2 protein chains.
Amino acid sequence: MKRIAESTVRRLSLYLRFLEDFEQRGQPTISSDELARRGGTTSAQVRKDLSFFGSFGKRGLGYPVAELTAQIREILGLGREWKVYIIGAGKIGAALAGYRGFRDRGFVVIAVYDTDPRKVGHPADEFSVRDMGQLERDAAREKPDIAVLAIPAEGVQPTVDRLVKAGFKAILNFAPAQIQAPADVTIRTVNMALELEGLSYALSNRD
Amino acid sequence: MKRIAESTVRRLSLYLRFLEDFEQRGQPTISSDELARRGGTTSAQVRKDLSFFGSFGKRGLGYPVAELTAQIREILGLGREWKVYIIGAGKIGAALAGYRGFRDRGFVVIAVYDTDPRKVGHPADEFSVRDMGQLERDAAREKPDIAVLAIPAEGVQPTVDRLVKAGFKAILNFAPAQIQAPADVTIRTVNMALELEGLSYALSNRD
DNA sequence: ACATGTGAACTGCTTCACAGCG
DNA sequence: CGCTGTGAAGCAGTTCACATGT
């Protein structure tokens, strides 16, 4: 299959949210124009995005909501549950462990890890924090799919190396650090300081 | 000044981090190539990014680390403190309130707000949660610059309307929702569900 | 008549390659 | 000679516009 732009995949996620709304309201079909307005894009963009994966619409009518919803779920790989380890039981890690938005979409947190002996064994939002030393053994048994990194920047690269060795192919990184990893490991970084600095730049440079 | 791409601004933030490292180590100059390797980009990209704002380097030598650091700080508007309100004292809001990375870069959280009477008055990481009803009055007095939104998706649009009316020109949104706002208000959205779905897509579609 | 699907045109970001200067 | 600064070329993502199917 042809390589798909990351921006396209992000928009598919958005469309999916809107479609779920429309589905719940019992709307049978939806036009690219309607989806576009809801998502802050253009109808041509919507049609192009979808066209990479097939022809889901009917000319003159639009897209069948239920079908398209199912199709996008399939495309995004949301037809199953993904097992998630959270690495780091600090404030961010604990907040993520209790974040309902994850489970609702099929991302099931199954454990939280930390190196700090004072945290290990204690609860972090319904999870008993596990010792980082167990990670490899646990991962071999539980076969988790995704690691969410919520640790200080200093420790990130060694930890990523460990996760890669343990077999993780997908990492969501919340630490403000640049990461090196093999090409077959997908990493998404959420860097809050970076976002804030973008706002700072915007505030400082409007005329 | 010419419009600068968001991608360029993001990279400047990254360069700044690396430059601070190099500065601390006492390295006097740095080449575009060195910066590029550290940031996972190319030397041409680094030079192009910087060239939008001026000529900071010396041919044959590279860039003076201390000077360039100061320049980028200036460009990003980091030569001052920005006052931040956090809206929403749930798990995410509370975690953000205690996040050291903010203050370290000049983003000073001065208050946390919530509508839930059970939370108001109680502490959320060293802050006593304020009633959302006070927001407008407080904002008129304290003149905050940035609002960080950490509330459920349903309430986002009305809250944004309120923040805009209260004078906020910059919003960092953690809710999984699309937002409408006037053009002179800058909004950055961090949507964790979206990032996870990007990973799901990557895991499902590698050959 | 209406709305999709899609080549073609366009826009804008990235990469190239080299002149220019220390 | 080394490394910057930058026009020009290349490429990727978006928008246009229309032929096509219902």
Side-chain angles (χ1 to χ4, degrees), chain A residues 1-15 18-19 22 27-72 75 178 194 198 201, chain B residues 1-15 18-19 22 27-72 75 178 194 198 201-202 205:
Chain A
M1 190 196 282
K2 211 180 141 262
R3 205 199 138 269
I4 302 296
E6 187 178 308
S7 50
T8 294
V9 176
R10 299 182 90 90
R11 280 192 300 268
L12 287 182
S13 287
L14 284 177
Y15 304 156
F18 307 143
L19 284 165
F22 286 112
Q27 188 170 327
T29 64
I30 189 166
S31 67
S32 57
D33 193 61
E34 217 168 339
L35 262 181
R37 237 174 303 136
R38 188 74 190 274
T41 180
T42 67
S43 61
Q45 181 76 78
V46 171
R47 294 198 300 279
K48 183 66 92 180
D49 286 339
L50 295 175
S51 77
F52 293 130
F53 301 95
S55 302
F56 307 119
K58 281 194 175 35
R59 288 158 200 258
L61 235 176
Y63 300 88
V65 170
E67 256 174 77
L68 186 55
T69 305
Q71 289 280 4
I72 295 183
I75 292 165
Q178 225 38 23
L194 219 102
Y201 173 81
Chain B
M1 191 195 284
K2 212 178 139 261
R3 206 197 136 270
I4 301 297
E6 187 177 309
S7 50
T8 294
V9 176
R10 298 183 91 91
R11 281 191 300 268
L12 287 182
S13 286
L14 283 177
Y15 302 157
F18 307 144
L19 284 165
F22 285 113
Q27 188 170 327
T29 64
I30 189 166
S31 67
S32 57
D33 193 62
E34 216 169 339
L35 261 181
R37 238 174 302 134
R38 188 75 189 275
T41 180
T42 68
S43 62
Q45 182 75 79
V46 171
R47 293 198 301 278
K48 183 65 93 182
D49 286 339
L50 295 175
S51 77
F52 292 130
F53 301 96
S55 300
F56 307 118
K58 282 195 176 33
R59 288 158 200 257
L61 234 176
Y63 301 88
V65 171
E67 257 175 75
L68 187 56
T69 304
Q71 290 279 4
I72 295 183
I75 292 166
Q178 224 38 22
L194 219 103
Y201 173 81
N205 297 280

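Predicted model, so just to flag it, every value in this text is computed and none were measured. Atoms considered below: every heavy atom in the structure, side chains included; atoms not considered: hydrogens, waters and symmetry mates. A, B, ... follow the sequence lines: proteins, then strands. Residue 1 opens every chain.
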Discussion item. Need one value for S32(A): base, sugar-phosphate or nothing, where a base atom within 4.0 Å counts as base even if backbone is also close, heavy atoms only.
Written reply: sugar-phosphate
Between CD1 of I4(A) and P of dT14(D) the distance, given in whole Å, is 12 Å
Check whether any side-chain heavy atom of L12(A) sits under 4.5 Å from a side-chain heavy atom of F53(A), and report yes or no. yes
Legend entry - 4.5 Å side-chain heavy-atom contact, F18(B) and I30(B): no
May I ask you to verify if any side-chain N or O of Q45(A) is less than 4.0 angstrom from the OP1 or OP2 atom of dG13(D)? no
Check the phosphate of dT14(D) against S7(A), side-chain N and O only, distance under 4.0 Å to OP1 or OP2. Yes or no? yes
T41(B) and Y15(B), any side-chain heavy atoms less than 4.5 Å apart:
yes
When rounded to whole Å, the CZ to P distance for the pair F53(A) and dG5(C) reads 14 Å
Residues at least two apart in sequence or cross-chain that pass side-chain hydrogen bond (donor to acceptor under 3.5 Å, both in side chains) with T69(B), listed by chain then number, are none
Short side-chain N/O contact from R11(A) to OP1 or OP2 of dT14(D), under 4.0 Å: yes
Rounded to whole Å, the CZ-C1' distance (R37(B) to dC3(D)) equals 13 Å
Rounded to whole Å, the CG-P distance (L35(B) to dC3(D)) equals 14 Å
Atom CG of L68(A) and atom C1' of dG5(C) are separated, to the nearest Å, by 14 Å
For dG5(D) and Y63(B) - does any side-chain N or O of the residue sit under 4.0 Å from the phosphate oxygens OP1/OP2? yes
For G198(A) and V9(B), the nearest pair of non-hydrogen atoms, with its separation, is CA-CG1, 4.3 Å
Listed pairs, N/O of protein and of nucleotides 16-22 of chain D, under 3.5 Å:
residue, atom, partner, partner atom, Å
dA17(D), N6, R47(A), NH2, 3.3
dT20(D), O2, R59(A), NH1, 2.5
dG21(D), O4', R59(A), NE, 3.4
dG21(D), N2, G60(A), N, 3.4
dT22(D), O4', R59(A), O, 3.4

Atom CD of E67(A) and atom P of dT4(C) are separated, to the nearest Å, by 15 Å
Looking at Q27(B), I'd like to know if its CD atom is crowded, meaning that more than 12 non-hydrogen atoms belonging to other residues, nucleotides or ligands lie closer than 6.0 Å.
yes
Whole-Å distance, R10(B) CZ to dT14(C) P, equals 12 Å
From CG of D33(A) across to P of dT15(D) the rounded distance in Å is 14 Å
Salt bridge (Lys or Arg N to Asp or Glu O under 4.0 Å) pairs touching residues 38-64 of chain A, sequence neighbours excluded, are R11(A)-D49(A), D21(A)-R38(A)
